[in-house]
S.K.: 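Attaching a single structure in structure tokens format; questions to follow.
Just so we're on the same page: letters track the sequence lines, and every chain starts at 1.
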Amino acid sequence: MFDTLTEKLSAAFYKITSRGVLSESDIDSAMREIRVALLEADVSLAVVKEFIANVKQKALGEEVVRSVTPGQMVVKIVHDELTAFLGADETQLKLNVTPPAVVLMLGLQGSGKTTTAAKIALKLKKQHKKVLLVSTDVYRPAAREQLAQLGLQIGVDSLDIKETEKPLEITKRAFEKAKIGFYDVLIIDTAGRLQIDDKMMTELKEIKALSNPCETLLVADALIGQEACNVAKTFNENIGVTGLVLTRIDGSSRAGAAISMKMATGVPIKFLGTGEKTEDLEVFHADRIAGRILGQGDVVSLVEQTMEKIDRAEAEKAAQEMMKGKFDLNSLLEQMRQMKKLGSMSGIASLIPGLAKYKSQIEAMNTDELMKKQEAIILSMTKQERKNPDIIKASRKRRIALGAGVEVSDVNRLLKSFEQMSQMMKKMGKFGAMRGLSSMVSKFSGGFPFGGFFK
Amino acid sequence: MINFLSKLKDGLKKTSDKFSDGLKDIISKRPVDSKLLDELEELLISSDLGVQVSSEIVQQFSSKRFNKEVTTDEVKLALSDLISQMLLPLETKFDVTNAHPFVILMVGVNGAGKTTSIGKLASQLKLQGKQVSMIAADTFRAAAVEQLEEWANRSDVRVFKGKLGADSAGLCYDGLNAAIKAGDDVVFIDTAGRLQNKTGLMDELKKIVRVIQKVLPDAPHLTLLTIDATTGQNAVSQVKEFKEIVDVNGLIVTKLDGSSKGGILVQIAGTTPVPVYFIGVGEKIEDLGVFKAAEYAENILGLSKF
């Protein structure tokens with residue numbers, strides 16, 4: 001469902017961008033697609049309606065009608081509106097009070113409060129702040145041990161655990177210790193709770209009143225659905241929130257909760273949880289999330305994913321060998337393997353702007369299967385054959401095909417593609433374009449010379 | 001059981017109150033026209049049923065009743081029937097007697113409630129006189145082992161554990177052998193939470209299954225995926241991906257005591273149907289109950305007929 005909508009939206013945008021004049025019905029049909037895209041991205045319905053109304057107003061204005069490419073204008077308005085809305089505020093933590101500055105963490109069960117508390121502590125520690133961590137979660141088994149262990153891992157103090165202590169007593173003792181021990185920041189982690197649980201909400205109010213936090217951060221899971229709006233609203237109305245943290249942004253959800261929660265509370269999104277390690281906390285990027293919600297692709301994520309998974313040294317070595325004209329089937333195999341680390345071709349395509357609408361075609365081509373086949377063919381060759389493909393004649397081809405479980409024609413196709421690629425390499429080398437290619441190769445492991453295979 | 005049902009009712013009622021209130025706003029007694037249908041569709045969308053499924057349900061509804069006068073209750077009953085029919089194939093029976101030991105592998109994204117669900121389920125089985133043990137294969141998250149241990153202590157169940165950072169597949173191998181030796185009836189394997197798009201972590205899960213099968217070729221007998229009812233559209237991909245990697249053959253929907261309706265299950269029923277074994281409606285041991293399609297649907301719509 002996700003894919004088809006990304007597709008639809010891209011197609012709707014495509015329709016508009018490829019026409020000269022923008023009529024009101026064009027805008028309406030685009031808005032319908034955007035509405036669906038936002039809903040499928042888990043943006044809460046009420047928020048979607050409000051947002052669409054705003055954007056339509058703008059799109060119907062003169063600037064669109066008179067601009068040269070009205071379609072692009074609509075896309076731009078939607079994206080800009082989203083970016084502006086998401087990122088209008090200061091995202092820095094405001095900790096300028098007489099120490100200890102208190103940061104209070106709250107949210108639903110399993111949203112990632114404890115992990116985020118440790119991540120923020122580590123970030124502050126790197127800014128040379130003296131931080132004390134404390135968990136007031138006496139309900140979930142081993143919740144306090146979890147924070148204590150994380151504190152140990154990152155080298156940040158945590159309050160010693162006394163078994164029978166109640167949340168308010170813990171808060172009091174933590175505050176005293178932070179004061180006496182000259183801590184700059186006290187981070188208070190609380191038990192996960194439902195926003196409709198009156199008893200637990202009262203407890204939270206009391207903890208807040210007692211500790212007088214300068215930052216009260218609502219931690220929410222980026223995978224959350226339509227309830228995001230209600231959850232954020234209720235927490236904010238009852239407790240008062242100064243910032244949002246969106247966790248599991250490294251997951252595959254479209255993170256529409258970002259808009260819902262921001263609109264429900266009016267407070268800025270301060271951080272994004274981007275992974276399981278304690279360093280994986282990022283300052284919020286509005287434009288990236290806007291693109292992701294709209295299914296326009298997240299190039300930054302692609303680049304990061306590439307950097308993370310590609311073995312740079314291997315890629316550079318391969319590039320250098322190619323520059324020397326040593327492009328053989330071994331280099332091809334290596335490239336394929338690097339490429340595979342990035343995930344499926346259709347997955348990559350969804351991250352590249354403009355390619356999303358071709359996703360189904362890419363899937364239909366079954367490139368991942370194809371690549372597997374190609375790999376099997378190369379693996380069925382001897383070392384000598386891989387280095388010097390010219391020696392592969394009819395009987396060798398038959399043996400290779402048998403070994404890889406394919407037809408001889410498949411082997412031929414691979415060899416032909418390889419031939420074309422090495423021709424291309426040679427040409428590029430001649431024209432001195434190799435340097436450019438090599439830098440591309442080291443960044444993207446030269447994935448795209450594969451183009452020839454997918455035709 | 002009665003206690004559990006009333007809790008489920010309470011839990012689900014909170015979610016459905018909004019739904020009923022919304023419906024009351026829409027209908028007292030009015031004709032089924034396109035405006036009403038739009039509003040119904042939006043109500044379903046607000047319950048995480050998704051755009052496509054919501055529109056399908058509304059279309060089915062309208063095909064029978066267009067232009068007729070209807071009341072709130074009639075609409076509720078009709079929609080609940082339609083949803084219940086979609087969910088019905090997911091009903092199943094939990095039976096741990098067809099293997100010994102019966103191995104249950106628990107998987108899911110972070111924070112979905114795997115450990116808590118194991119804790120509750122283990123306690124229930126223990127009360128039924130089963131000999132139960134747990135393998136703490138989440139060797140990544142801080143204090144995950146301690147959390148499982150605490151549950152084990154509460155219900156007097158054995159835990160097999162290793163050190164933080166230990167190889168979880170290896171741990172499963174040893175734990176399973178220990179369970180066989182002890183003659184356990186049921187063994188739970190608690191794995192670390194992982195997002196379904198993390199290839200490395202999903203491969204690790206595959207490895208765990210491979211290693212389990214070295215000890216018992218037909219294990220795991222049940223691979224349960226825990227889904228947080230608060231989750232939006234991503235839950236569909238969670239089921240799909242986890243099923244593809246480790247052949248998930250059962251679901252648990254947790255946190256239904258919150259304000260979310262778990263309506264995403266209706267979408268899962270349409271795209272990647274997997275039997276639902278349990279639903280979680282609170283933090284106590286008895287707050288894990290059997291999934292019934294009609295109850296689930298009725299409660300989404302605020303018809304409390306338990």
Side-chain angles (χ1 to χ4, degrees), chain A residues 1-2 4-5 35-36 39-42 44-46 48-49 108-112 114-115 118 139-153 192 194-197 221-231 234 247-248 250-254 256-257 275-276 309 341 343 347, chain B residues 14-15 18 42-43 45-48 50-53 109-113 115-116 119 140-151 153-154 164 192-201 228-238 241 254-255 257-261 263-264 267 271 283:
Chain A
M1 197 166 295
F2 172 101
T4 53
L5 272 153
R35 173 180 175 273
V36 174
L39 285 171
E40 291 292 342
D42 292 320
S44 302
L45 183 67
V48 172
K49 283 180 159 178
L108 297 176
Q109 286 95 338
S111 55
T114 307
T115 309
Y139 308 99
R140 180 166 64 91
R144 285 181 287 169
E145 283 80 359
Q146 186 187 350
L147 190 65
Q149 284 187 18
L150 286 168
L152 270 181
Q153 276 176 27
L194 297 166
Q195 83 281 9
I196 48 175
D197 186 335
D221 188 332
L223 310 177
I224 192 171
Q226 287 287 323
E227 274 298 293
C229 194
N230 284 335
V231 170
T234 314
T247 60
R248 298 186 198 126
D250 50 328
S252 52
S253 86
R254 300 258 293 273
E276 294 191 334
K309 291 188 179 150
K341 287 189 198 163
Chain B
K14 279 166 208 144
T15 81
K18 200 183 81 188
E42 290 191 342
L43 272 172
I45 289 173
S46 309
S47 314
D48 289 316
V51 180
Q52 199 181 322
V53 172
V109 300
N110 318 59
T115 308
T116 307
F140 177 81
R141 206 202 73 199
V145 177
E146 284 83 346
Q147 188 183 346
L148 193 66
E149 259 182 323
E150 177 81 40
W151 275 107
N153 286 340
R154 286 184 194 176
L164 196 67
R194 67 201 74 220
L195 294 166
Q196 73 274 23
N197 61 338
K198 303 261 164 172
T199 325
L201 293 175
D228 182 337
T230 328
T231 315
Q233 306 303 309
N234 194 250
V236 177
S237 122
Q238 286 174 23
E241 303 283 330
T254 63
K255 304 185 199 174
D257 50 332
S259 57
S260 280
K261 299 152 175 54
I264 194 68
Q267 282 195 66
T271 50
E283 294 187 331

S.K.: For A/Arg144, is it the side chain, the backbone, both, or neither that has a heavy atom closer than 4.5 Å to a heavy atom of chain B?
M.R.: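 Neither; nothing under 4.5 Å.
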S.K.: Report the option among A/Gln195, A/Lys49, A/Glu276 that has the most heavy-atom pairs separated by less than 4.5 Å from atoms of chain B.
M.R.: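 Going by pairs under 4.5 Å, I would pick A/Glu276.
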S.K.: Sort B/Glu241 into side chain, backbone, both or neither according to what part of it lies under 4.5 angstrom from a heavy atom of chain A.
M.R.: neither
S.K.: What part of B/Leu148 lies closer than 4.5 angstrom to a heavy atom of chain A: side chain, backbone, both or neither?
M.R.: neither
S.K.: If you count heavy-atom pairs under 4.5 Å between each of B/Glu42, B/Lys255, B/Glu150 and chain A, which one has the most?
M.R.: B/Glu42
S.K.: Is chain B contacted by the side chain of A/Asp197, its backbone, both, or neither, given a heavy-atom distance below 4.5 Å?
M.R.: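 Neither part; nothing is under 4.5 Å.
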S.K.: I would like to know whether A/Ser253 and A/Asp42 meet side chain to side chain donor-acceptor pair (under 3.5 Å); could you show each step before the answer?
M.R.: CA-CA 8 Å; A/Ser253 86; A/Asp42 292 320; 5.6 Å; no
S.K.: B/Arg141 vs B/Asn110, test: side-chain contact (heavy atoms from CB on, under 4.5 Å). Steps then yes/no.
M.R.: CA-CA 10 Å; B/Arg141 206 202 73 199; B/Asn110 318 59; over 6 Å; no
S.K.: Select one option (side chain, backbone, both, neither) describing which atoms of B/Glu149 are under 4.5 Å from chain A's heavy atoms.
M.R.: neither
S.K.: Based on non-hydrogen pairs under 4.5 Å, which of B/Gly263, B/Ala112, B/Ala144, B/Ala143 is most in contact with chain A?
M.R.: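 Max contact count across the listed options: B/Ala143.
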S.K.: Verify, without hydrogens or angle tests, whether B/Arg194 (side chain) and B/Leu201 (backbone) share a donor-acceptor contact under 3.5 angstrom.
M.R.: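 Between the backbone of B/Leu201 and the side chain of B/Arg194 there is a qualifying donor-acceptor contact (under 3.5 Å).
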S.K.: Determine whether the side chains of A/Glu40 and B/Gln52 contain a donor N or O and an acceptor N or O closer than 3.5 Å.
M.R.: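 Distance-only check fails for A/Glu40 and B/Gln52.
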S.K.: Between A/Leu194 and B/Ser259, does a side-chain contact (heavy atoms from CB on, under 4.5 Å) hold up when you go through it step by step?
M.R.: CA-CA 8 Å; A/Leu194 297 166; B/Ser259 57; over 6 Å; no
S.K.: Donor-acceptor check, side chain of B/Ser237 to backbone of B/Gln233, threshold 3.5 angstrom: yes or no?
M.R.: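 The answer is no, because no donor-acceptor pair under 3.5 Å joins these two groups.
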S.K.: Pick from B/Gln147, B/Glu146, B/Gln196: which one has the most heavy-atom pairs with chain A under 4.5 Å?
M.R.: B/Gln147
S.K.: When you measure from the side chain of A/Ser111 to the backbone of A/Leu108, do you find a donor-acceptor pair of N or O atoms at a distance under 3.5 Å?
M.R.: yes
S.K.: Non-hydrogen atoms of chain A under 4.5 Å away: do they reach the side chain of B/Thr230, the backbone, both or neither?
M.R.: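 Both parts, backbone and side chain.
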S.K.: With a 3.5 Å distance limit and no angle check, can you tell me whether B/Asn197 reaches the backbone of A/Asp250 through a side-chain donor-acceptor pair?
M.R.: yes
S.K.: Which bit of B/Val236 comes within less than 4.5 Å of chain A, counting heavy atoms only: side chain, backbone, both or neither?
M.R.: neither
S.K.: Check each atom of A/Leu223 against the heavy atoms of chain B and say whether the ones under 4.5 Å are side chain, backbone, both or neither.
M.R.: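 It is both, since atoms from each part get that close.
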